[in-house]
There are 2 protein chains.
Amino acid sequence: MHEQLIKSIQDKITLSPEEIEKVKHFYIPKKIRKRQYLLNAGDVCQYIAFVEKGLLRSFTVDNDGGEHVIQFALEGWLIGDMSSFLSGDEATYNIEALEDAELLLLSKPSMEDMLHTVPKMETYFRILMQNHIVALNRRVISSMSDTAEQKYLKLMNNCPGIVNRASQQNIASFLGITPETLSRIRKQVAQK
Amino acid sequence: MHEQLIKSIQDKITLSPEEIEKVKHFYIPKKIRKRQYLLNAGDVCQYIAFVEKGLLRSFTVDNDGGEHVIQFALEGWLIGDMSSFLSGDEATYNIEALEDAELLLLSKPSMEDMLHTVPKMETYFRILMQNHIVALNRRVISSMSDTAEQKYLKLMNNCPGIVNRASQQNIASFLGITPETLSRIRKQVAQK
DNA sequence: GAAAGGAATTGATTTAGATCAAGAATTATT
DNA sequence: AATAATTCTTGATCTAAATCAATTCCTTTC
């Protein structure tokens, strides 16, 4: 049940077997089914979720009712409304399972306990945050300067799992293009 | 010399006068002149810079030689290549002063010392990081779903200082539009 | 203070991608 | 298995913004 989590941690820091056992106990396993929501915009985000299995998306709904996919999360990724989780303010994002999923939830008190008990986990979360900021900056630049095709090809290279498993509507929304444009791009890319 | 920094900190956490004095000593004052670079892409980002006075920008140069403004920083803001600073890897951003500037530099060893000496500063940096992530997410959504005019109006509302002080080329680059388009938008906005 | 070099404006044209619309192909539901 | 409901594809048209180009307006700088 914790393989992905352990892998994710050991990728970044070194923990003793005892520390690993301690860390495990701070996470609450939870299964959710396709189409279920883990978080509704307006609620406070009580947990950040580590994905052991499945695929989720976070998204906002704008004034005109348009959905914007902020992030996907598959095996080994973390998802949540970080800002709401850390500050206790209302969440601006919704989080929905796109496939049946197995999650490991971490509440804020558990997180604080854990960082106190296993201080090396500070480094783990710092690295995650840092990677996240780098990824967001890349996405800003890409959304400003790449063509729709370049955006799609980059996503395909960086996250083939998402391209294979998410619907084209969701992928298009994530890339900031229409589903029609994505469909045409896929056709072109296929025949070369 | 430290007014802006103290204001920024006291905005988020409460420190005793003694703690404030301690914090001050970890920062190195530095003046740089317009057009000077604080960081070149490829170097390691040794310092994050708190802006006491002036205006700076960080930007990347893509393969075709095109510049992309990542961020502006004016009084009370922090600028640096966070990823390079924290990880020690090569910076991907350049940082340049757009006006003569007075900075307070924080090196990584100083930062670690400071967090150790005044642990409440952890919270300060956590809040800064968190705000940064929220801002980046907003920017991604805006760049995908807003028109050029909406992007400009939002920047004008959120950061009038930048709109007034940065060149239109830089503002256009930051917004992901051409200088010509920005010029036309400004004309329209002015006559209403 | 004149010349030079950018920066900003304005106009004409092009284009990538959006929008509108209708049909084909999957996927769900009973 | 049959029907309903999405999702995806394909085509025709439209539009916001890019590109190309020429002029005017500011700053530098000598």
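Below, chain A is the first sequence line, B the second, and so on; all start at residue 1.
Atom CE in A:Met144 sits about 11 Å away from atom P in D:dA18, given to the nearest Å.
A side chain to side chain contact (heavy atoms under 4.5 Å, CB included) with B:Tyr124 holds for exactly one of B:Val118, B:Leu15, B:Ile9; it is B:Ile9.
Under 4.0 angstrom from either OP1 or OP2 of D:dT9 there lies at least one side-chain N or O belonging to A:Gln168.
More than 12 heavy atoms of other shown residues, nucleotides or ligands fall within 6.0 angstrom of atom CD in B:Gln150. By the neighbour-count criterion of 12 heavy atoms within 6.0 Å, atom CE of A:Met129 is densely surrounded, having more than that number from other residues, nucleotides or ligands. Environment of CZ in A:Phe26: crowded, with over 12 heavy atoms of neighbouring residues, nucleotides or ligands closer than 6.0 Å.
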Test B:Lys53 against B:Glu75 for salt bridge (Lys or Arg N to Asp or Glu O under 4.0 Å), laying out the working first. CA-CA 5 Å; B:Lys53 196 160 177 351; B:Glu75 291 79 18; 5.3 Å; no
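Judged by distance alone, with hydrogens and angles left aside, the side-chain atoms of A:Ser84 form a donor-acceptor pair with the main-chain N or O of A:Asp89 at under 3.5 Å.
Salt bridge annotation for B:Lys34-B:Glu99: absent, with no cationic side-chain nitrogen under 4.0 angstrom from a carboxylate oxygen.
Over its full length, the helix from C:dG1-D:dC30 to C:dA22-D:dT9 turns its helical axis through 50°, comparing axes from the five pairs at each end and rounding to 10°.
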In B/S/- notation, 5' to 3', how is nucleotides 11-30 of chain C contacted by protein heavy atoms closer than 4.0 Å? BB----SSBB-------S--
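Aromatic rings from B:Phe50 and B:Tyr27 are positioned such that their centres are separated by 6.0 Å or more.
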